[in-house]
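Values in this document were obtained by computation on a predicted structure and should not be read as measured data.
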Amino acid sequence: MAPALTTSAAGRAYDFTHVVGGRQTTGMMNIAFGEGDDVYLTKKERTHGDVMRITIGSEPGDEEIVTYFGEANPGIFDDGWVACVAVGPNQNVFVTDELRNLIYEFDSEAKFIRHIGQSGCGPGQFDRPSGIIFGNDGRMYVSDTMNHRIQQLTTDGVFIAEWGSYGTEDGQFNAPWGINVDASGNVYVADTKNNRMQKFDAAGNFISTLGTLGSDSGHFDHPSDVAIDPDGDIYVCDWANDRVQVFNEAGEYVLEIGGAAIEMSKWQKRYVQGNPDVAKARRRVDTLEPEIKFTLPTGVKFDTQRNRLMVVDSQRWRIQIFEKLANYAEPQFNI
């Protein structure tokens, strides 16, 4: 059974609009928003990876590739494995590298500026850093995954504070990955191997936890990322359950989104149309339904400019986009 194109509950509705991605975005892992239509995305390849700057406008099909950071800086990602990306207050682009245990800083046009951090477990050092975000105060928060902690740094990469340790108690972590900050400065962490999301204040004081291992509503299986919209709704990328779950500001379950990509992206259509054998193979399968749904989604971000949710559907090399509809009412029919 194909999923609904509009998913609604508790006065909220998410309407599928379109897909962006394809062969150009193989290995896609994480995205961040720049100015205007700019979107930065990380790609994990077999040998290293790359970062792309693309534009995603308001209408399906108006996306374009602007820059590959690897082409602008030959060899920059050699012997590394890029993970997540964030845009700082100065619009510079910050990228974590899980193998080299550092953060790259670029300007918005892909010019390399410097490295931040090194391997280790001391202040400002990392062991497989992943999620990265900037708060409204300009401070950088990094999921220091295998050190099982969160580090807080200045925009210049100077260490400020850290919190967390290995464990299952409140405030402890087991391989934290995605991270985000709400309008009040609270920090949300996808505590991946503890199968939960934890919330802290800006100083790292524990506030609450959400979820436990499972596939029921409100349960997680290796959550990978988290986003918060201006209404306070929380989106948790439930990686191994192939879905995004939505919670209200109080942490109460609202609904889940499992993907609704009924059409291929512009770039993927070009690839299929240019390869007759691929086109024939797609027409021979019994159903294309698996192609519609999420497969191991790794990232979720909320685009406040256009009030829409973007989900990084990693195994399909694409971003699925859903508009959050205001004042949505269920249609009533008399038949």
Side-chain angles (χ1 to χ4, degrees), residues 29-30 32 42-51 69-70 73 75-90 92-106 112-135 137-181 187-194 196 198 200-206 222-226 298-299:
M29 291 297 295
N30 193 248
T42 54
K43 289 159 40 78
K44 279 189 174 179
E45 307 289 356
R46 289 183 179 179
T47 55
H48 52 280
D50 207 345
V51 178
F69 282 44
N73 304 273
I76 188 73
F77 300 122
D78 288 354
D79 303 316
W81 211 16
V82 298
C84 298
V85 58
V87 176
N90 54 5
N92 284 355
V93 179
F94 296 76
V95 181
T96 54
D97 190 313
E98 292 185 305
L99 287 186
R100 297 183 68 188
N101 296 314
L102 52 76
I103 299 168
Y104 306 87
E105 182 180 357
F106 302 87
F112 174 71
I113 297 174
R114 60 178 168 164
H115 292 131
I116 296 171
Q118 59 182 333
S119 298
C121 59
Q125 297 178 332
F126 303 107
D127 188 354
R128 297 183 73 88
S130 53
I132 182 170
I133 198 72
F134 286 85
D137 58 3
R139 294 183 177 183
M140 181 195 314
Y141 297 83
V142 182
S143 290
D144 190 2
T145 300
M146 296 314 295
N147 280 324
H148 309 290
R149 65 182 178 182
I150 302 302
Q151 292 202 60
Q152 186 186 76
L153 311 171
T154 69
T155 307
D156 296 327
V158 177
F159 174 83
I160 299 173
E162 67 174 78
W163 69 85
S165 61
Y166 177 74
T168 60
E169 299 299 319
D170 292 345
Q172 294 184 315
F173 301 109
N174 187 355
W177 214 79
I179 189 168
N180 216 317
V181 179
V187 182
Y188 299 72
V189 182
D191 189 5
T192 302
K193 290 189 177 180
N194 276 331
R196 64 186 181 184
Q198 294 198 69
F200 303 85
D201 66 19
N205 297 304
F206 174 81
H222 288 70
S224 55
D225 203 8
V226 59
T298 53

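In this structure, the side chain of Asn30 engages the main chain of Val85 through a donor-acceptor pair within 3.5 Å. Formation of a donor-acceptor pair under 3.5 Å by the Arg149 side chain with backbone atoms of Cys121 is found in this model. The backbone N or O of Pro123 sits nowhere less than 3.5 Å from a side-chain atom of Glu162 that would complete a donor-acceptor pair. Although no hydrogens or angles enter the test, the distance criterion places a donor-acceptor pair under 3.5 Å between the side chain of Gln151 and the main chain of Gln125.
Of all the heavy atoms in Gly299 and Ser224, the pair that sits closest is N-OG, 4.4 Å. Contact detail for His148 and Pro176: the closest heavy-atom pair is CA-CD, 4.0 Å. Across all their heavy atoms, Leu153 and Phe159 have their closest contact at CD2-CA, 3.4 Å. Ala83 approaches Met29 most closely through the heavy-atom pair O-CB, 3.7 Å. The heavy-atom pair separating Leu102 from Gly117 by the smallest distance is CB-O, 3.8 Å. Across all non-hydrogen atoms, the minimal contact from Thr192 to Pro223 is OG1-O, 2.9 Å.
Taking a cutoff of 4.0 Å between a charged side-chain nitrogen and a carboxylate oxygen, Asp191 and Arg196 qualify as a salt bridge. Between Asp156 and Arg114, at least one side-chain nitrogen of the basic residue sits less than 4.0 Å from a carboxylate oxygen of the acidic one, meeting the salt-bridge criterion.
Checked against a 6.0 Å centroid threshold, the rings of Phe134 and Phe94 count as neighbours.
Side-chain contact check for Asp225 versus Thr298: every heavy-atom pair is 4.5 Å or farther apart. Within the 4.5 Å cutoff, side-chain heavy atoms of Phe173 are placed close to those of Gln198. Using a 4.5 Å heavy-atom cutoff, the side chains of Val181 and Val187 are in contact. Between Asn101 and Asp127, some side-chain heavy-atom pair lies under the 4.5 Å cut-off. Counting heavy atoms from C-beta on, the side chains of Ile179 and Val142 never come closer than 4.5 Å. Residues Phe77 and Val51 form a side-chain contact, since some pair of their non-hydrogen atoms from C-beta on lies under 4.5 Å apart.
Between the CD atom of Glu98 and the OG1 atom of Thr42 there is a distance of 9.5 Å, given to the nearest 0.5 Å. Distance check, rounded to the nearest 0.5 Å: CG of Asn147 to OG of Ser165 gives 11.0 Å. In this structure, Asp144 CG and Arg128 CZ are separated by 11.5 Å, a value rounded to the nearest 0.5 Å. Rounded to the nearest 0.5 Å, atoms CD1 (Ile150) and OG (Ser143) are 3.5 Å apart. Going from atom CZ of Arg100 over to atom CZ of Phe126 covers 14.0 Å, rounded to the nearest 0.5 Å. Interatomic distance, CD of Glu105 versus NE2 of His115, reported as 11.0 Å (0.5 Å rounding).
Using the six-membered ring where Trp is involved, Tyr104 and Phe112 have ring planes that are perpendicular, over 60° apart on the 30 and 60° scheme. Between Phe106 and Phe69, the ring planes are perpendicular. Angles over 60° get that label, and only those under 30° would be called parallel.
Every residue was checked against the side-chain hydrogen bond (donor to acceptor under 3.5 Å, both in side chains) condition with Asn174, not counting sequence neighbours, and none meets it.
Sparse packing is recorded around OH of Tyr166, with 12 or fewer heavy atoms of other residues, nucleotides or ligands lying under 6.0 Å away.
Each of Leu99, Val95, Thr96 was compared with Val82 under the side chain to side chain contact (heavy atoms under 4.5 Å, CB included) criterion, and only Val95 meets it.
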- Quick one: do Lys43 and Asp50 satisfy salt bridge (Lys or Arg N to Asp or Glu O under 4.0 Å)? Show the steps, please. CA-CA 5 Å; Lys43 289 159 40 78; Asp50 207 345; over 6 Å; no
